[in-house]
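Here the structure is laid out as structure tokens; the discussion comes afterwards.
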There are 2 protein chains.
Amino acid sequence: MAQKNTLQFIILGLLSQESMTGYELTQSFAHEIGEFWQAKHSQIYPLLNKMEDQQLISHVDEVTGTKLAKKRYSITQQGDDVLQEWIAEPTDFISSSKDEFILKLYFIKDKNDKRLTSMFNEQIRLHKEWLQHLKSRNEDLFNKRSQQNAQFGHYLILNHAIDREQNYVQWLETQFNNL
Amino acid sequence: MAQKNTLQFIILGLLSQESMTGYELTQSFAHEIGEFWQAKHSQIYPLLNKMEDQQLISHVDEVTGTKLAKKRYSITQQGDDVLQEWIAEPTDFISSSKDEFILKLYFIKDKNDKRLTSMFNEQIRLHKEWLQHLKSRNEDLFNKRSQQNAQFGHYLILNHAIDREQNYVQWLETQFNNL
DNA sequence: TTAAAACATGTAATTAATTACATGTTTTAA
DNA sequence: TTAAAACATGTAATTAATTACATGTTTTAA
């Protein structure tokens, strides 16, 4: 891929909420953010350096224990300007959603193909599991309405992830029953 | 990105249904396939050459009019073996879905943020428009049940695209009304 | 107390994908 | 008849992203 470096804006967005280390930023992609964008530490660390050069972010050094060095990054005024600009600009939804399972279905021409049953079963299991995971995340984070309002964006996207997953499972089951 | 070259399998899958030119393959990504994977001609043409070197596909030359040269590609036995292997292997759903709009929401902490209304309105418009497009595609292609069975995979993924889009619009509207 | 898991930060090599450049033919609609 | 749109195939340069390598510290659980 090679677009306009969305990752950069995500990092700015995360840092606009609180200062974080590269490790913590990486962790974000294991949670809700990861439902809507993916990145590994090997992409994040170099990008942090680049962004600091551009003065979009800055860091202070920290030490845990006696030796473990960390860099805690914060967003700068310049960085926030760039972030706000990104949020304000129109979002063309270019459905960059990639779904290998659905693609595989496309290539199965015969409705009675033997492989369909096990393929659907596997996907249903995976997605149900994931849905369950998301739901318990939701209970952990937002069991009180006050928490929903305090972190509105976070609540919204987890809510969307659950909704999406729920619909996916439902679709899989409907189609499975029609086979 | 740098995974296991899914595009290659998609090309094999498309060619397993009928022989196609690079241009026609490219066109596929403007239609249903494009809902679940994206690729441009500049990635497709070089890959076709590579795949022909590996004897996964082969081509015959064609001429339209008096001069317009085309290469019509077909899948080889080897290619079909590779395709079947890909379909058979378990599909880890690593939700590589990227959604900038949802990410932007994450970074809006305040439920009363002025920007939310126009952002939601814009997305609702875009997604409704796209949903409409998908629905008319569906009517054009699959108005008869016989056509659904003849191209089962195609029917399934278009059906899924519509279902997904419908759910997305519904979610947007629900959240919008809650603002 | 010790081993494993989690925390923490990086670089090198490679691949996937995009953007931009490049050129020409055929069909369609005004 | 002519101009625009669609058809058709490619390459070059660059960027985004992954995989693999590399090293060390702190915390947790057995």
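This structure is a prediction, so every number in the text was calculated from the model and none was measured. Note on naming: letters A, B, ... go to the chains in the order of the sequence lines (proteins, then strands), and numbering restarts at 1 for each one. Below, all heavy atoms of this structure are taken into account, side chains as well, without hydrogens, waters or symmetry copies.
Phosphate contact (OP1/OP2 of dT19(D), side-chain N/O of Lys40(A), threshold under 4.0 Å): present. Residue Lys50(A) places no side-chain N or O under 4.0 Å from the OP1 or OP2 atom of dT15(D). Checking the phosphate oxygens (OP1, OP2) of dT9(C), no side-chain nitrogen or oxygen of Tyr23(A) falls inside 4.0 Å. Between Lys98(B) and the phosphate of dA17(D), there is a side-chain N or O to OP1/OP2 separation shorter than 4.0 Å. The phosphate of dT26(C) (OP1 or OP2) has a side-chain N or O of Thr66(B) nearer than 4.0 angstrom.
Outside the 6.0 Å centre-distance limit, the rings of Tyr155(B) and Tyr106(A) are not counted as a close aromatic pair.
Positionally, the nearest nucleotide of DNA chain C for Asn49(A) lies more toward the 5' end than for the other of Val63(B) and Asn49(A). Between Leu7(B) and Thr64(B), the one whose closest nucleotide on DNA chain C sits nearer the 5' end is Leu7(B). Between Gln43(A) and Lys71(B), the residue whose closest nucleotide on DNA chain D is further toward the 5' end is Lys71(B).
dT14(C) is paired with dA17(D) under the criterion used here, namely a Watson-Crick or G-U wobble arrangement in which both key atom distances are under 3.5 Å. Base pairing of dT1(C) is made with dA30(D), judged by Watson-Crick or G-U wobble geometry with both donor-acceptor distances under 3.5 Å. dT25(C) and dA6(D) make up a base pair, with Watson-Crick or G-U wobble contacts both under 3.5 Å.
Side-chain N or O atoms of Asp80(B) include none that pairs as donor or acceptor with a backbone N or O of Thr76(B) at under 3.5 Å. Checked by atom type and distance alone, the side chain of Asn177(B) pairs as donor or acceptor with a backbone atom of Glu173(B) at under 3.5 Å.
Side-chain contact annotation: Asp163(B) with Asn167(A), donor-acceptor N/O pair under 3.5 Å present. Counting only N and O atoms by type, the side chains of Trp130(B) and Glu35(B) include a donor and acceptor under 3.5 Å apart. Neither side chain, Arg137(A) nor Gln132(A), offers a donor N or O lying under 3.5 Å from an acceptor on the other.
Between Ile11(B) atom CD1 and dA16(C) atom C1' there is a gap of 13 Å when expressed in whole angstrom units. One can place CG of Leu48(A) at 8 Å from P of dG10(C), the figure rounded to the nearest angstrom. Look at CD on Glu52(A): it is 15 Å from C1' on dG10(C), rounded to the nearest Å. Look at CG on Leu47(A): it is 15 Å from P on dT9(C), rounded to the nearest Å. Atom-to-atom, NZ of Lys67(A) to P of dT23(D) comes out at 16 Å; the value is rounded to the nearest Å. Atom CD in Glu24(A) sits roughly 6 Å away from atom P in dA8(C) (whole-Å rounding). Rounded to an integer number of Å, the gap from CD1 of Ile44(A) to C1' of dA17(D) is 11 Å. Distance CG (Leu68(A)) to C1' (dT9(C)): 9 Å, rounded to an integer number of Å.
Nearest to the side-chain atoms of Asn5(B) among the listed nucleotides dA16(C), dA8(C), dT19(C) stands dA16(C).
Side chain Thr21(A) to base dT9(C): no donor-acceptor pair is found below 3.5 Å.
Contact annotation for Thr26(A): no contact, since no heavy-atom pair falls under 4.0 Å across all strands.
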